[in-house]
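This is a predicted model, so every value here is computed, not measured.
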Amino acid sequence: MSLVTNYYQSLIDVALFLFFVIGAKVIILFTIHTEKPTVLRSRYLLWLGYGGWWLLSAVLQIFPWAVTTHTHQLIQEMYPAQPSWVIQLFRPIAVTWTTQPVTWNILLVVFQFLMGIMLLTERENIAGWISLLLATLFSFTTWATTEAFGGLFSPRLSIVPGSPGPGLLAAIVGALLLLPNDYWERNHVVFYIRHAMAIMYGLAALAQLRPRFWTSHIAIMFGRSPYSPMAHFVDGFISIAQNNPVVINIILIMFLSILAIITWKNWSSWSILVISAILLLWCWIFGQDLGLLPAMGANLYSAPLWFLLTWISVGDTSRKIKGQRL
């Protein structure tokens, strides 16, 4: 029996368990009616978006790319262009993974799926806060291990491949949601989120000023998906970027700089959302391959979280939503 066949058969068994879990949650939702508290609209959207991000990450984890690779190949794919000391530091993680890849991958699928379901259905209650705590701890652990600190020591450091790392962003989102709604209102948390996003866009623009991004080496920041149609599509753009690195980098810096300024000033929420959507979708497609990359958690990558944090922090952030069910 091949490894992939064994993996999918095990996954089917787990899927039956998850089916009953979902069924039980649906029954509970329709039989036990609890009034949800009135919260800030921005907090409500961030909570739902965070739950959706976990659920979609679980779906992407199902692909067997991290199951079928040997240790050396997994290291190359998980830590591309990393310094040798980083590779040696995190090599034991890849070795441990490849000893039982089916078990580890299924555990990640189940954990991320359960986090997504719990966050989408349990808001502003003890079950939701426990889920947030687990999600936050797991995300930070992922960032500090399998993501090698989000590639902060890599020559690929750029918003395009997802720096500063989806695990770190997911941990920050979880930590923000662990703060009570009253704290959000009293301390204008959304105001600080918006300014933090503006600073992050500004830092991302500065990161693009490094010499390698002005040459054909700009190709290092683009993704390399094992999914052939995606890889061919991205490769086509990489050729364009290698032939026109200065043009590509100037456009990227221009977009990031404009976003940093208008987000800080909170000018025209529609302009911010349109520009950020275009930029982050481009990053998600060409730098993060729509999440179609080998990963050990946080599979949906960073771009959706960047956009989610931008979306909830611009415009009129004082609006509230009365308690409602998903």
Side-chain angles (χ1 to χ4, degrees), residues 60 65 73-84 86-87 90 142-143 146-170 197 199-260 275-296 298-307 310:
L60 290 172
W65 299 319
Q73 183 183 356
L74 186 63
I75 289 173
Q76 288 183 323
E77 293 177 347
M78 292 290 298
Y79 309 114
Q82 290 279 8
S84 57
V86 172
I87 293 175
F90 294 103
T142 299
W143 176 76
T146 61
E147 291 179 20
F149 304 110
L152 295 180
F153 303 104
S154 168
R156 299 181 75 227
L157 179 64
S158 166
I159 189 177
V160 181
S163 301
L168 181 61
L169 291 177
M197 292 308 297
I199 292 171
M200 286 178 66
Y201 284 123
L203 291 175
L206 291 176
Q208 292 303 132
L209 294 175
R210 290 185 300 165
R212 71 170 53 248
F213 293 142
W214 299 96
T215 69
S216 60
H217 293 296
I218 193 174
I220 198 173
M221 69 182 185
F222 295 104
R224 298 284 183 177
S225 175
Y227 181 57
S228 297
M230 191 71 209
H232 291 321
F233 180 65
V234 173
D235 284 344
F237 187 84
I238 290 176
S239 298
I240 297 173
Q242 286 179 313
N243 292 326
N244 305 277
V246 175
V247 175
I248 297 297
N249 210 34
I250 287 176
I251 293 174
L252 186 55
I253 292 171
M254 180 184 69
F255 265 80
L256 289 167
S257 301
I258 291 172
L259 263 179
I275 295 174
S276 63
I278 292 172
L279 171 67
L280 293 170
L281 180 61
W282 180 82
C283 292
W284 196 38
I285 292 173
F286 295 105
Q288 301 160 43
D289 288 42
L290 298 175
L292 298 172
L293 292 165
M296 300 175 191
N299 302 70
L300 203 57
Y301 275 80
S302 301
L305 291 175
W306 276 78
F307 182 75
T310 303

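Looking at heavy atoms from C-beta onward, Val160 lies in side-chain contact with Trp282 at the 4.5 angstrom threshold. The closest side-chain heavy-atom distance from Arg212 to Met221 is not below 4.5 Å. Contact annotation: the side chain of Ile285 never approaches that of Phe222 to less than 4.5 Å [non-hydrogen atoms, C-beta and beyond]. The closest side-chain heavy-atom distance from Thr310 to Met200 is not below 4.5 Å. When side chains are defined from C-beta on, Leu60 does not count as touching Tyr301, because their heavy atoms never get closer than 4.5 Å. Residues Val234 and Ser225 are not in side-chain contact: their nearest non-hydrogen atoms beyond the backbone lie 4.5 Å or more apart. Counting heavy atoms from C-beta on, the side chains of Ile159 and Leu280 come closer than 4.5 Å.
Taking CZ from Phe213 and CG from Leu157, the interatomic distance works out to 7.0 Å, rounded to the nearest 0.5 Å. Rounded to the nearest 0.5 Å, atoms CD (Gln82) and CZ (Arg156) are 8.5 Å apart. Rounded to the nearest 0.5 Å, atoms CD1 (Ile258) and OG (Ser276) are 12.5 Å apart. Distance check, rounded to the nearest 0.5 Å: CG of Leu279 to CD1 of Ile251 gives 11.5 Å. Considering CD1 of Ile250 and CG of Asn244, their distance stands at 11.0 Å, rounded to 0.5 Å. Within the model, atoms CD of Gln76 and CD1 of Ile87 stand 8.0 Å from one another, a figure rounded to the nearest 0.5 Å.
No more than 12 heavy atoms of other residues, nucleotides or ligands lie within 6.0 Å of OH in Tyr227, so this atom counts as exposed by the packing criterion.
Residues Ala219 and Ile238 come closest through the heavy atom pair CB-CG2, 3.7 Å. Ala241 approaches Ile218 most closely through the heavy-atom pair O-CG2, 3.6 Å. For the pair Ser163 and Trp306, the tightest heavy-atom approach, listed with the atom from each and the gap, is O-CZ2, 3.6 Å. Considering all non-hydrogen atoms of both residues, Met78 and Pro294 come closest at SD-O, 3.6 Å. What you find for Ala298 and Gly167 is that their closest heavy atoms are CB-N, 4.3 Å. Across Leu293 and Trp65, no two heavy atoms sit closer than the pair N-CZ3, 3.8 Å.
Relative ring orientation between Phe90 and Phe149 is described as perpendicular, the plane-to-plane angle rising above 60° on a 0-90° scale split at 30° and 60°.
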Exercise for review: Test Arg224 against Asp235 for salt bridge (charged side-chain N to carboxylate O under 4.0 Å, His left out), laying out the working first.
Suggested key: CA-CA 8 Å; Arg224 298 284 183 177; Asp235 284 344; 3.0 Å; yes
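Between the side chain of Arg210 and the main chain of Ser158, no donor-acceptor pair closer than 3.5 Å is present. Using modelled atom types, no side-chain atom of Gln208 and backbone atom of Leu252 make a donor-acceptor pair closer than 3.5 Å. At distances below 3.5 Å, at least one donor-acceptor pair connects side-chain atoms of Gln288 with backbone N or O atoms of Ser302. In this structure, the side chain of Trp214 does not engage the main chain of Pro245 through any donor-acceptor pair within 3.5 Å.
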